[in-house]
Each structure stands twice: as structure tokens, then as C-alpha cells.
Amino acid sequence: QVQLVESGGGLVQAGGSLRLSCAASGRAFSRYAMGWFRQAPGKEREFVASISGSGGGIFYTESVKGRFTISRENAGNTVYLQMNRLKPEDTAVYYCVARGGSLASARDRDYDYWGQGTQVTVSS
């Protein structure tokens, strides 16, 4: 079992930055691919970014490329999402996810573990 706890959400003005963190419990963290999804009010959940167990495989959804950076610190069992140049359309609850096996994926059904989510609100 893996438990995921997100932090770092909040309210920020458009153009600002936030860094989300996700702390994972359990062992062998490097054997899990990690990712972030988000869900805005009235919208379907969408993929944001994912990173392989080693950190060598990284994927982003098109709308965040060049603005968001996913990274991980395996020694500390933590994955991060650095979000720069935030836009109002980035407003959503952001969820940290993990899947057994080290390959990253953009499909929500591939992930076995989900955090409770952290709210990100970007004002215009």
C-alpha cells in the first residue's frame, strides 16, 4: 500500500508560481511511476504530468508544456510539480498518483494510488 499526501496548493495571481509536493509512504519508491492529474469544477479529470521511477521518462499534457516541471526525489519519497506562469484555466484540484511498475503513463486507469488532492486557484 502507498499513501500519498499532497501539499503546496493555494491562491495565486495569474502569472505567478506554485510548487506542489507529494509525500509517499511505503518502501521502494523508485519502483513507482508518479504523476499529477487535475479536475476543475464541472470538467472531467485530466492528465497533467507523469514521471517514471528513475525520473528519466517524463510526459506533460500539451497545455502545461514549458510552464510546469515534474520532478522526484527518490531518497525522500517525494514528487514535485513546479508550476510557473499560472493561468486562470489552471484552477483545479490537483491529485498526486502512483502506479506499480516504473513506467510513466498518461491514463488515469493505470494508476493504483491517489492522494486526496490539493486546491490550486489562479485569479485573473
Supply the atom-to-atom distance [X] [atom1] to [Y] [atom2], rounded to the nearest 0.5 angstrom.
X   : Y   : atom1 : atom2 : result
R38 : M83 : CZ    : CE    : 9.0 Å
I58 : S50 : CD1   : OG    : 8.5 Å
L20 : I70 : CG    : CD1   : 10.0 Å
N84 : S17 : CG    : OG    : 3.5 Å

Option from R72, R19, E73 for which side-chain hydrogen bond (donor to acceptor under 3.5 Å, both in side chains) with Y80 holds:
E73
Any side-chain heavy-atom pair of [X] and [Y] under 4.5 Å:
X    : Y   : result
T69  : Y60 : yes
Y95  : E6  : yes
W36  : F68 : no
R67  : D90 : yes
S105 : R99 : yes
V48  : Y94 : yes

Over all atoms of both residues, closest heavy-atom pair of [X] and [Y]:
X    : Y   : value
F29  : V79 : CZ-N, 4.3 Å
S30  : N74 : CB-ND2, 3.3 Å
A24  : V2  : CB-CG1, 4.3 Å
A23  : T78 : CA-OG1, 4.4 Å
M34  : C96 : CE-SG, 3.8 Å
Y111 : A33 : CE2-O, 4.1 Å

E89 atom CD, neighbour heavy-atom count above 12 within 6.0 Å
yes
When you look at CD of Q116, are more than 12 heavy atoms from neighbouring residues, nucleotides or ligands closer to it than 6.0 Å?
no
Hey, quick one: are F47 and L81 part of the same hydrophobic cluster, counting side-chain heavy atoms closer than 4.5 Å, chains of contacts allowed?
no
Apply salt bridge (Lys or Arg N to Asp or Glu O under 4.0 Å) to D108 and list each qualifying residue two or more places apart in sequence or on a separate chain.
R45
Please report whether the ring centroid of W114 lies less than 6.0 Å from that of F37.
yes
Could you walk me through whether R107 and D110 pass salt bridge (Lys or Arg N to Asp or Glu O under 4.0 Å), step by step?
CA-CA 6 Å; R107 301 186 304 183; D110 286 341; 2.9 Å; yes
Throw together a table of side-chain donor-acceptor distances under 3.5 angstrom for residues 117-124, partners on residues two or more places apart or in other chains.
residue: T118; atom: OG1; partner: G9; partner atom: N; Å: 3.3
residue: Q119; atom: NE2; partner: A92; partner atom: O; Å: 3.4
residue: Q119; atom: NE2; partner: T121; partner atom: OG1; Å: 3.3

Any donor-acceptor N/O pair, R31 side chain to R27 backbone, under 3.5 Å:
no
